Amino acid sequence: MFNTDWQKSSYSAAHNDCVEVRTANGLVELRESDTGDIIVRTTPTKFAKFLQGAKAGEFDHHA
């Protein structure tokens, strides 16, 4: 598989303090734009479940 370019949320506008995401070799990779050398990798299924939980407010108590 191929790597795609990093994408960031349109909500971050021109700021560099955001989470970026891409696919690479069948996995989803995430990094914070200002510390790009640290990359978290997960499966598409686990990432989708994480997004569902975030949208449902599952992690709001951490904010």
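Here the structure is a predicted model, which means the values were calculated and not measured.
Glu32 CD to Asp37 CG: the interatomic distance, rounded to the nearest 0.5 Å, is 11.0 Å. With rounding to the nearest 0.5 Å, the separation of CZ in Arg41 from CG in Asn25 is 9.0 Å. In this structure, CD1 in Ile39 is found 9.5 Å from CG in Leu30, a value given to the nearest 0.5 Å.
Heavy-atom minimum distance, Pro44 versus Gly26: CD-O, 3.5 Å.
Residue pairs that meet the side chain to side chain donor-acceptor pair (under 3.5 Å) test with at least one member in residues 45-63, sequence neighbours left out, do not exist here. Within the structure, ring-ring contact (aromatic ring centres under 6.0 Å, His included) contacts touching residues 29-52 (residues at least two apart or in different chains) are Phe50-Phe59.
A side-chain contact (heavy atoms from CB on, under 4.5 Å) with Arg22 is found for one member of Arg31, Gln7, Glu29 and no other, namely Glu29.
Comment: Lys8 does not engage Glu20 in a salt bridge, judged by the lack of any side-chain N to carboxylate O separation of less than 4.0 angstrom.
Side-chain contact between Val21 and Val28: present, with at least one pair of heavy atoms (C-beta onward) separated by less than 4.5 Å.
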